[in-house]
Amino acid sequence: MSDFKVRPVTSFSAELTVPGDKSISHCAVILASLANGDCEIEGFLPSDDCRATVNAMRALGVSIEELNEKGDRLQVSGCRGKFTKPENPIDCGNSGTTMRLLSGLLASQPFESTLTGDEALSRRAMNRVATPLELMGASVRGKGDHCRPPLKIKGTKKPKAINYTLPVASAHVKNAVMLAALRADGKTQITEPSRSRDHAERILDYLLVKNIREENTVTVWGGQTPESRNIQIPGDISSAAFWIVAAAARPDARLLVSNIGLNPSRVGILNALARMGARINERIDESGCEPTGSVEVHGSRLKGIEISGDEIPALIDEVPILAVAAAMAEGKTIIRDAKELRGKESDRISAVAENLRRMGVLVEEFADGMEIRGGQTFKGAEINSLGDHRIAMAFAIAGLYAEGETVIRDTDCIEASYPGFLDELTQLMKADR
Ligand code: S3P
């Protein structure tokens, strides 16, 4: 396990790009595998989580070739959804996305398979995907009432088309059901209480697979094979978010991030920061499969706000770094309706509260969020990442503005979503000398 020392900086100025979007990378590899020929993927995120998906697809007989050393260009040879039974259990590592999307895919395959994960993934509940997939005729079995991994999946050759309403907005569950629905007879309708990210639907459109979105409902028709086309993936706004907050919350700071995804279902962080008083300009190009563009930030003194309700799904992965922004802002910030965070790579509500307190910030924890008293100076501290990439990176940013040194324990987890983050951070600390 590696540790990383962060020392405070006096200024922040950067122009950078970030690696490919994690969510889109998973979806692109899986949908390209279902296609009717070769697809080249550019801008793929070569991280541990996304590689888990690549290896899973290879274990199902799909040929995937890395076209460059960096690993961000792939050639996927689509097999029209005719996968081979894997010889061994498929290891999803730490990646909840891999396990949930694969469950949907395997629910429509005429064989039995097993999905395993690391210790943290083995603690995560999978009943939310198991329930709709069982309604479609598959058997998805895990441990205990919450259906924890390992998952044993017995697929059905012809899944039943269903109308399903998700109890909570979740792109993972929506995508798992859509993947199974592609081999069903007839149309499947999925309704969410509020809209989750829509990358899978956009890639399906792009690969000429008929689906319709009306308000919070997606309709997908079964019996369709995606058309093989090359896919371009923009930089991950969830990775850019760390630098965006580092610049937005610090008067006189400046940042330009180029080539990032600016899909409306993911830009909640930008909207929340704007309400906090951040000075952010966006340039968006809507011509591709995903809105993509650049974000320019000029730092200022932020103020606390309330973040809750329907805006949560569009910033769910950014809550840890938003909490750091809140600690730097004047006044109090209240985050509500984010109970989902307790079931992520770690319990992110308690991980954020505990680590902010270590830095001397006043935080009250609720079942579904927290209240943060901002505006005090924070002190360098020893941070426990709990093996959660977003916690490690959020607190590395907090360390830039703390008094004294901050040590982030167990930073290997950063490889899950942002290879190169610590190199970028090292450069920024050096530039400040
Ligand atoms: C993801 C969806 C979100 C998010 C996760 C990645 C995805 O999960 O928190 O990190 O790639 O679709 P839910 O939509 O299930 O909350």
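The chain is numbered in sequence order, starting from 1. Both ligands and their constituent atoms are indexed starting at 1 by order of listing. It should be emphasised that the depicted structure is a prediction, and the values quoted were computed from it without experimental measurement. All heavy atoms count here, side chains included; hydrogens, waters and symmetry mates do not.
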For atom 8 (O) of ligand 1, state which one of Lys22, His389, Lys344 supplies the nearest heavy atom. Lys344
Give yes or no for whether the N/O distance cutoff of 3.5 Å, strictly under, is met between [X] and ligand 1.
X	answer
Ser196	no
Asn175	no
Ile316	no
Arg128	no
Ser23	yes

Option from Arg128, Arg348, Arg124 for which salt bridge (Lys or Arg N to Asp or Glu O under 4.0 Å) with Glu340 holds: Arg128
What protein heavy atom sits nearest [atom], and how far away is it?
atom	answer
atom 14 (O) of ligand 1	Ala171 N, 2.6 Å
atom 10 (O) of ligand 1	Asp317 OD2, 2.9 Å
atom 15 (O) of ligand 1	Ser170 OG, 2.6 Å
atom 1 (C) of ligand 1	His172 NE2, 3.3 Å

Cationic N near anionic O, under 4.0 Å, [X] to [Y]:
X	Y	answer
Lys174	Asp198	no
Glu365	Arg342	yes
Glu112	Lys152	no

Mutual orientation of the aromatic rings belonging to Phe12 and Trp243 [parallel < 30°, tilted 30-60°, perpendicular > 60°]: parallel
For the pair Thr84 (side chain) and Leu60 (backbone), establish whether a donor and an acceptor sit closer than 3.5 Å, ignoring hydrogens and angles. yes
Ligand 1 contact on His199 by region, counting heavy-atom pairs under 4.0 Å: neither
Taking heavy atoms and a distance under 4.0 Å, where does Arg197 meet ligand 1: side chain, backbone, both or neither? side chain
CG (Leu179) and CG (Leu105) are apart, to the nearest 0.5 Å, by 5.5 Å
Looking at Thr97, which atoms of ligand 1 are within less than 4.0 Å of one of its heavy atoms? 6 (C), 11 (O)
Given Ser238, which partner from the list Glu318, His389, Lys22 fulfils the side-chain contact (heavy atoms from CB on, under 4.5 Å) test? Glu318
Stepwise, does the salt bridge (charged side-chain N to carboxylate O under 4.0 Å, His left out) test hold for Arg195 with Glu201? CA-CA 12 Å; Arg195 285 178 90 155; Glu201 296 92 307; over 6 Å; no
